[in-house]
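Before any comments, here is the structure.
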Amino acid sequence: MQHVSFLNITSSPIIFLLTGVPGLEAFHFWISIPFCLLYATALSGNSLILFVIITQSSLHEPMYYFLSMLSTTDLGLSLSTLVTMLGLFCFNSREISFNACLSQMFFIKLFTVMESSVLLAMAFDRFVAISNPLRYATILTEPRIARIGVAIVIRGTLMITPMVALLKRLSFCSSRVLHHSYCFHPDVMKLSCTDTRINNAVGLTAMISTVGVDSVFILLSYVLIIRTVLSIASPEERKKAFSTCISHIGAVAIFYIPLISLSFVHRFGKRAPPYVHTMIANTYLLIPPVMNPIIYSVKTKQIRRAVIKIFHSKET
């Protein structure tokens, strides 16, 4: 009899319930206001960066092609969570079907892995520009950059597809309440009453072989960059070389720090208040798309000039 009831539970459509900020449900409408502003900033900022790079021929250089890839992944990351986050906070729409949950999880993970890959490609770009400036244009040609872009998409898809597809084999027979305002892989696995060791192993392998490996190579790139810069005799040239890396270092920091914090909180922060998990999880998804356009607009003279030029041309 128990076996029959278990089958009935698993064969019925699975609906998960998303959670906003635990303990602050009464203030969800007010919490939605800063979230709306953050999404508006992320979408408009990254769209503007993309528009500027596409329309300004002076920005058709390797560094800006990689920046356009970063803006594209940031747009994807923002759009992956927009509907559920604002639906939850503005209209208290908590329900999400299993398939919709898997789709959202796939795109969140895909754009996370792609962003990590793009940051690695940008580190390589800075390394070539500083260590081998005379051959920079011949090493990073447009066809080669296009191939890097395609490789980033294929790599992300191949790594994330098994991780998400394996969730199809799980059964969910008790609580259906997720602890975030979007579908988070470890969160979904915790609700399963099936053995999730394979899922854990595949998920961990995917993250280590993408984000983990990328972070090591980014660090290695900067060790080589620093070594090259320190070998430059002129202090002025050293300062100029380092200044070209500041925006990228900022982008790396705002991507990896929330990501590492979220991993630590999930593994070691069992006693932390529930809202801490929620806020870090939301920060991990929203801060990079919001901050990257600001960092590159403030720190990159060419982007700043191009943006000002476009706004001036609209006024006249």
Side-chain angles (χ1 to χ4, degrees), residues 13-48 73-109 111-112 115 172 174-192 250 253-295:
I14 298 169
I15 303 292
F16 291 123
L17 293 176
L18 298 166
T19 302
V21 183
L24 298 175
E25 287 83 1
F27 303 99
H28 273 182
F29 177 75
W30 299 108
I31 292 169
S32 72
I33 295 170
F35 274 123
C36 285
L37 291 172
L38 287 171
Y39 274 113
T41 306
L43 296 175
S44 58
N46 286 293
S47 299
L48 180 61
T73 58
D74 280 336
L75 280 171
L77 203 54
S78 299
L79 292 169
S80 299
T81 57
L82 177 69
V83 175
T84 56
M85 290 264 273
L86 295 187
L88 176 63
F89 287 112
C90 295
F91 308 106
N92 197 33
S93 175
R94 294 184 64 196
E95 291 190 353
I96 184 167
S97 70
F98 183 54
N99 287 333
C101 189
L102 289 188
S103 300
Q104 184 183 50
M105 193 189 305
F106 174 79
F107 285 111
I108 289 170
K109 289 287 185 186
F111 287 116
T112 299
E115 179 133 354
F172 302 89
S174 55
S175 171
R176 301 281 171 86
V177 179
L178 297 167
H179 295 102
H180 293 86
S181 41
Y182 57 86
C183 286
F184 186 53
H185 186 255
D187 208 12
V188 173
M189 284 198 299
K190 280 178 187 174
L191 300 184
S192 172
I254 62 169
F255 175 75
Y256 280 102
I257 291 170
L259 187 63
I260 292 164
S261 302
L262 183 61
S263 300
F264 269 93
V265 165
H266 258 275
R267 279 165 180 75
F268 309 113
K270 309 291 184 196
R271 293 180 185 177
Y275 64 83
V276 172
H277 292 252
T278 305
M279 296 316 292
I280 291 175
N282 292 338
T283 301
Y284 140 70
L285 284 181
L286 272 173
I287 295 303
V290 168
M291 290 304 298
N292 282 336
I294 296 169
I295 288 170

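Every heavy atom of this structure was used, including side-chain atoms; hydrogens, water molecules and symmetry mates were not.
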Open item on the list: Evaluate E115 against D74 for side-chain contact (heavy atoms from CB on, under 4.5 Å), listing each step before the verdict.
Closed with: CA-CA 7 Å; E115 179 133 354; D74 280 336; 2.5 Å; yes
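- With rounding to the nearest 0.5 Å, the separation of CG in L259 from CD1 in I280 is 11.5 Å.
- Minimum interatomic distance between L82 and L43 (heavy atoms only, all atoms of both residues): CD2-CD1, 4.4 Å.
- Distance check, rounded to the nearest 0.5 Å: OG1 of T19 to CG of D187 gives 7.5 Å.
- The side chain to side chain donor-acceptor pair (under 3.5 Å) check on T112 picks up Y284, with sequence neighbours excluded.
- Cysteines C101 and C183 are disulfide-linked, with SG atoms closer than 2.5 angstrom.
- In this structure, CG on L286 lies 4.5 Å from CE on M85, to the nearest 0.5 angstrom.
- In this structure, the side chain of Y182 engages the main chain of A281 through a donor-acceptor pair within 3.5 Å.
- For C36 against L86, the heavy-atom pair with the smallest separation is SG-CD2, 3.8 Å.
- Between L75 and A42, the shortest heavy-atom contact is CD2-O, 4.4 Å.
- Between the side chain of S47 and the main chain of S44, no donor-acceptor pair closer than 3.5 Å is present.
- Considering CZ of F184 and CE of M189, their distance stands at 9.0 Å, rounded to 0.5 Å.
- Of all non-hydrogen atoms in P293 and P289, the two that sit nearest each other are CD-O, 3.2 Å.
- Here the shortest heavy-atom pairing between Y39 and T81 reads OH-OG1, 2.7 Å.
- Here the CG-CD1 distance, from L77 to I108, works out to 7.5 Å after rounding to the nearest 0.5 Å.
- Within the 4.5 Å cutoff, no side-chain heavy atoms of L79 are placed close to those of F107.
- Looking at residues two or more places apart in sequence or on another chain, you find no ring pair (Phe, Tyr, Trp, His ring centres under 6.0 Å) involving Y256.
- Nearest heavy atoms, I287 versus I254: O-CD1, 4.3 Å.
- With values rounded to the nearest 0.5 angstrom, L37 atom CG is found 9.5 Å from S32 atom OG.
- Counting only residues at least two apart or on different chains, the side-chain hydrogen bond (donor to acceptor under 3.5 Å, both in side chains) pairs with a member in residues 94-109 are T84-Q104, N99-K168.
- Taking the six-membered ring where the residue is Trp, F89 and H28 present perpendicular rings, their angle passing 60° and hence far from 30°.
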